[in-house]
Amino acid sequence: MKASCYHCSDEIVGKAILFDDKQFCCSGCKQVYQLLSEHNLGEFYSLEKKPGTKPAGADDFRYAFLEVPEIRSKFIDFENEEQTLVSLYLPSIHCSSCIYLLENLHKIDEAIYSCQVDFSKRLANILFDHRKLSLEKLALLLEKIGYSPNFSAQKDIKRKKDLSYLYKLGVAGFAFGSIMLWTFPEYLGVSEDNLVFRNFTSYLSFVISLPVLFYSASEYLISAFRALRYRSINIDVPISIGILALYLQSCYSIFTNNGPGYMDSFAAFIFFLLIGKWFQSKTYDTLAFERDYSSYFPVAVTRIKTNNVEIIEIDQLVIGDQIRIRNEEVIPCDSTLSSESCYIDYSFVTGESELVKKKAGDFIYAGGRIKGSAVELTVVKESSRSHLTQLWNKTGNKKKQSSEEDKFSLYFLIALLSISGIAAIYYLLSDPSRTIEIVVSILIVACPCALALSRPFTYGNIMRKMGKSGLYLKNVKVIPALHEISDIVFDKTGTITESDNLKVTYIGEELTSERKEILHALVKNSTHPLSRAIYQYLNQVEGSLSVHHFEEHRGQGIQARINDNLVALGSASFVGVSQASPIPRSSSYFSIKGRIVGHFVFESSLRAGIENAINELKSSYQIHILSGDNEKEKMRFLHFVQDEKNLVFGCSPQDKAHYIENLQTQGKKVLMIGDGLNDTGALDAAHVGMAVSEDVFRFTPNSDAIIDAHKLINIQKFLSLSAYARTILFICFGFSLTYNLIGLSFAISGNLTPLVAAILMPISSISVVFISTFGSLLKRS
Amino acid sequence: MGIIYLMLIVSLIIALFFLGSFLWAAKSGQYEDDYSPSVRILFDDEHNEQLKEQKNGSRKV
């Protein structure tokens, strides 16, 4: 059984670092532990099960741009001679231990006065003495303990939430409580004898109800009005009819001194509707979905001008500027290479983890990450207009399909109008004086308020459940959309296969420890993903062999002189082997002194459990797999799909999008599961686009849903959850229809007193809330 | 019985006051973060440490 790191709980690969009787996976984790124990913050580990995150190994230049006054001032909330107040976005905040640690930051560094965490926004408000601690050093300290501040995404986070629904809720609740209190005598039937009192409270209720109608209920009325203007019906139309009927009838009652009307039910009704809306908004808060490209690019870059090196914001780059990009930094805009050569990691853009080598003068697209030594580039296109952002900014033109709910509203409205029509005719013939009263009562009581509540509560609860299990939805409309899926398209790299792990198998003569040392020394010098894979495979080897004449030949292999012998590692042709039979998989041959010792075979490793997961899905959905890789590994995935035609390799991002569009035009509803920006077009084209993310707080493309990579194998359970949501909805609909029928019988027979209305409507609302909440909780995940 | 009118008005004013404070609280950001305060109260605070130090201090004397 592998040990896990005391700090970050990751499995320890290789040798563990021991300190204080505990094991750590890397020196970063050990340092955080050291820091915490020195300052008596050990409680950090006792508050939660997996509190720590591995600190990213950063170089000291990361936050150098914070020393530039113009850039720095953008992040400062307040500053005087001694103190500075900053709000920093720390996406790694994820549990109560984080709050504990961050709020005790003052114990770690004296210059920090206080730190307060806003958990829902992942912000930390830090007040510190800038004479003793600079903003840059503060950022480095935060990074050291595992909470790297993200400055690029800052502007989005600071946007204040729209709290108007909360105000409307307050007003409606106030009115509801007050009016119901005054109308109480009416329920007991005693107000008939106290007409003065009744009139007084009726007028008071009228006044209080004005803000309820014009402020709290405004969005329903406006939405219904807009729908009617465009000649369509949505759920707000019957709701608004009910609201207006209720209100106008009550006004009529009050002004003709005929009774207090239904103002209490009116205010209660609006109140319950708004609770539903509030509940729905709560579920969105946990994960912000407005992700645009700007949070991926860095804030500032180093620009070189004749004799002056300065740090400036990316937006200020002009065509022709010389910029210097260091190891692991992202290239902010399209440019040409001024340095001799460089290696770029475009994995996030193309999905290919193999480094791309560029020579002086080559055109370089923005979005790649520099690996290796720093390089200098000449800017060709300014940041906002580069090729990638066009890809990323493509907003989907998803045609608005009329949802089930709207169709239902139409039927409901028709049924309602026909019933009122029939009742009207009947009463006109038998008792004309009561016609209007009856018709209005019908309109009031038949209102689908319970229906309007069941959706937000059911979907809200289901969304929350999914969020806890690792699937985050953009909004509630995704739940019914998931239920309609007929085909599932998987992207291979990073979704079915793990993006970083290559499975290495060695075939050949035995690898003695001497040979292992030689290999270790050789691959240490190369950043090629295959070299890195072999380096990991050789785990626990320590070598101190000196390496001379190291050469790396792109696409071929590497070689060097070690212990005076020529050692080579690479493709068959590079090492000098004639291939008798074509080897279907990626392999690297290893030779010493020109003689082949053996070869390594590389396979991208499948995500644990994914085979079973896809087998489960095969019975209900058509499975497709797309990939940008070449056909070498195609055979491996044949048994995943039902039809060989569903397996397409060698796809460019546009090909993937077209493939899905084809399926959709055939009437199929596609769920696309992919990762990386190269899938953006495809995710948009699909009925539901789901982005797989190893770290959900890092940047991912704008999609309908985000799924935690480790929870991808539960996809079948998520799909059945959306079906379950539908079942609960039907049950709720059933209940509300029952109430409607009961209420209708009261209304048609002319017995709808305010008392009856005041009982019936809240009960139907509450019972629907109850059913949907309990129903969602009952389902075991 | 006329007193009931006065009582109604007063209760209305009190209710309005509560509505006002709710609106003010929402506006001044008290509903922004509803998770951290629930966790914050569970931390051992400085007060306990100070008490411990006082106890130790008095013992030394």
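Keep in mind the model is a prediction, meaning the values are calculated, not measured. In the text below, chain A, chain B and the rest are named by the order of the sequence lines, each starting its count at 1.
- Heavy atoms of A:S96 lying under 4.5 Å from chain B belong to its backbone as well as its side chain.
- Both the sub-6.0 Å distance and the 45° axial angle are not jointly satisfied by A:R198 relative to the ring of A:F200.
- When each of B:I9, B:L16, B:L42 is scored by its heavy-atom pairs under 4.5 Å with chain A, the top score falls to B:L16.
- Your options are B:V39, B:L23, B:L19, and the one with the most heavy-atom pairs under 4.5 Å with chain A is B:L19.
- Only the side chain of A:F174 comes within contact range of chain B, with at least one heavy atom under 4.5 Å from a heavy atom of that chain.
- Counting heavy-atom pairs under 4.5 Å between each of A:L181, A:L166, A:L204 and chain B puts A:L166 at the top.
- For A:Y215 against A:S164, the heavy-atom pair with the smallest separation is OH-O, 3.9 Å.
- Relative orientation of the A:F197 and B:Y5 rings is tilted, given thresholds of 30° and 60° on the angle between their planes.
- Residue-environment remark: OH (A:Y203) exceeds the threshold of 12 foreign heavy atoms within 6.0 Å.
- A:E110 meets the side-chain hydrogen bond (donor to acceptor under 3.5 Å, both in side chains) test with no other residue; sequence neighbours excluded.
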